[in-house]
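What follows is a single structure, written as structure tokens, with notes after it.
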Amino acid sequence: MEGINPLREERLRKLALLRERGLDPYPTKFERTHQSAQLQSEHASLAAGTETQTRVRIAGRLTARRLMGGASFLDLRDGSGRIQLHAASDKLGQEQYDLLTMLDIGDFIGLEGLIFRTRKGELSVRVEKFQLLSKALLPLPEKWHGLQDVEMRYRQRYLDLLANEESRRIAILRSKIVSAMRRYLDSQGFLEVETPTLQPLYGGATARPFTTYHNDLEQTLYLRISDELYLKRLIIGGLDKVYEICKDFRNEGISWKHNPEFTMMECYWAYADYQDMMQLTEEMVASIAKEVLGTTSIKFGEHTLELTPPWKRLPMRDALLQYTGIDIDKYRTLPELQSEIKQQKLSVDLQKTWGQQVDELMKVFVEPKLIQPTFIMNHPLELSPLAKRKADAPQLVERFEPLVAGMELGNAFSELNDPLDQRERFLAQEEMLRTGDDEAQRLDEDFITAMEHGMPPTGGLGIGIDRLVMILTGATSIREVILFPALRTVKAKSETAGE
RNA sequence: GGGCCGUUAGCUCAGUGGCAGAGCAUCCGCCUUUUAAGCGGAGGGUCGCAGGUUCAAUUCCUGCACGGCCUACCA
């Protein structure tokens, strides 16, 4: 691997040869008339063995060669698809023919030629003129097994995209999903806004932050773990419907559903509550699925997910009653709840507080079972310092999490807008921080000041974009839907093939 | 963080305590409708890295690096 790469040396030799002949291996521009997919569809009805006088100019990367002596076939790929080229020495002249067949797989060319369909039925372009557009020095992955090495697929995603159709499909779908989401929110009158990534105090979620430092301001800054508190400031400022799609950063472990930087959509809607947000969620996701995939029935592993609204509403209490047999309303203190857990012989880690214990029961016994879209609602107060209490059950909040395929897709609630209550909740969190919970939330005086100026009743929703893309594409790892997932940096070995 | 597994040619993968293998790719020769083109020949390896055991290690042992899966926290 280190030292000289003979395949690269060979290509350098060809590059030098081209330069000797006065050819520029890296020209600036090529005017195309068509892309390959367009040709395929425009000539779909052309019969096998038929020639045309249709002259086209196309460009792309050579991906395969079938050299057959005096005439050869080459495959050309551009951003839209693939088309076959036919090169014949009696059409091109021997010199041009030799030059074309000397080019390597991976090289870019532009060409002009006539459309025809071969006897075997493959639409092709007969090359009349061509030009090298870019010489590749390193070989592409193998042609029919593609690129399998997972590490190389993530580290050199460009090779993965070239070699593996599935990677290309997911990348394109992701873009379409985000675009469809924007279209949906825009159509509902939401205003897209941007808020700080670098924040003097992190907030809006329970997570450890990444810390950085601004030299000129001489102060510590945090990469946002959420944009929630900023978006609510905008609600206070009279922007009644806002959303932001942005990267959040959480200094946590990496898993099949966690990447340290991930994309989140958060939206806030004044005068709405969590019931409205549920409806928004199910309608938005179904609308995106229909627009992007043409259906709301989604294959995911061995399951078929049905995303058509309405989704099931399941209060946490009912869910736990159903899956563990425990009625949390009857065991309202930690000791009572834990003794009942032992009574029921449930195998679950014991937690420090009642709310965390309930959460743990949910994670172990309920969430993995919820395959079809389900809103789990009415969470314990202490896990939700930014959510409004339920009027009839003050130890619970008006909150829900959409679960699909056993995965939390997001989080939403009726936003707490009582500044005095908000201060108390923050103080409780600060207390948790002091007693060793390094994910507890921080007291944000500036945010409380904003709220003291008056905040309307508001519904808020966050959707994990990466997970939504996983569900809609059938990807079973978040790394398949993030083009450049977090990986440990390879230690420098100064091995850049050659030089 | 813990457990299990992987790392062999540019790529995809076999394999063995005793000369390192295949297909694709590359190079040479033949071939004007092929498409995983075909036929004939050739080159290409620090078997992840470092130690140890052994007459001999790519193979067995230990450590390390990178990665994967499971598990724990978070969306």
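A, B, ... follow the sequence lines: proteins, then strands. Residue 1 opens every chain.
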Salt bridge (Lys or Arg N to Asp or Glu O under 4.0 Å) against Lys388(A), all qualifying residues, sequence neighbours excluded: none

Going by number, which of residues 66-76 of chain A have a non-hydrogen atom under 4.0 Å from RNA chain B? Arg66(A), Leu67(A), Met68(A), Gly69(A), Gly70(A), Ala71(A), Phe73(A)

Mind checking what makes side-chain hydrogen bond (donor to acceptor under 3.5 Å, both in side chains) contact with Thr473(A), not counting sequence neighbours? none

Fill in the dot-bracket string of RNA chain B, one character per base: . for unpaired, | for a pair to another strand, ( ) or [ ] for pairs within the strand, taking Watson-Crick or G-U pairs under 3.5 Å. (((((((..((((....[..)))).(((((.......))))).....(((((..]....))))))))))))....

Write out a two-atom table: protein N or O, nucleotide N or O from nucleotides 7-9 of chain B, distance below 3.5 Å.
none

Going by the salt bridge (charged side-chain N to carboxylate O under 4.0 Å, His left out) test, which pairs reach into residues 86-103 of chain A, not counting sequence neighbours? none

Partners meeting salt bridge (Lys or Arg N to Asp or Glu O under 4.0 Å) with Glu20(A) (sequence neighbours left out): none

Quick one: are Phe400(A) and Met277(A) in side-chain contact, heavy atoms under 4.5 Å? yes

Under the rule for salt bridge (Lys or Arg N to Asp or Glu O under 4.0 Å), what residues qualify as partners of Glu367(A), not counting sequence neighbours? none

Hey, are Glu401(A) and Arg399(A) close enough for a salt bridge, meaning a charged N less than 4.0 Å from a carboxylate O? yes

Who passes side-chain hydrogen bond (donor to acceptor under 3.5 Å, both in side chains) against Thr281(A), sequence neighbours left out? none

Is there any protein nitrogen or oxygen under 3.5 Å from a nitrogen or oxygen in nucleotides 22-25 of chain B, and what are the pairs?
| unit_1 | atom_1 | unit_2 | atom_2 | d |
| --- | --- | --- | --- | --- |
| G23(B) | N2 | Glu142(A) | OE2 | 3.3 |
| C24(B) | O3' | Lys143(A) | NZ | 3.4 |
| A25(B) | OP1 | Lys143(A) | NZ | 2.9 |

Summary of side-chain hydrogen bond (donor to acceptor under 3.5 Å, both in side chains) pairs that have at least one residue in residues 60-71 of chain A, sequence neighbours excluded: Arg66(A)-Asp75(A), Arg66(A)-Gln84(A)

Contacts of Gln338(A) that satisfy side-chain hydrogen bond (donor to acceptor under 3.5 Å, both in side chains) - sequence neighbours left out: Gln357(A)

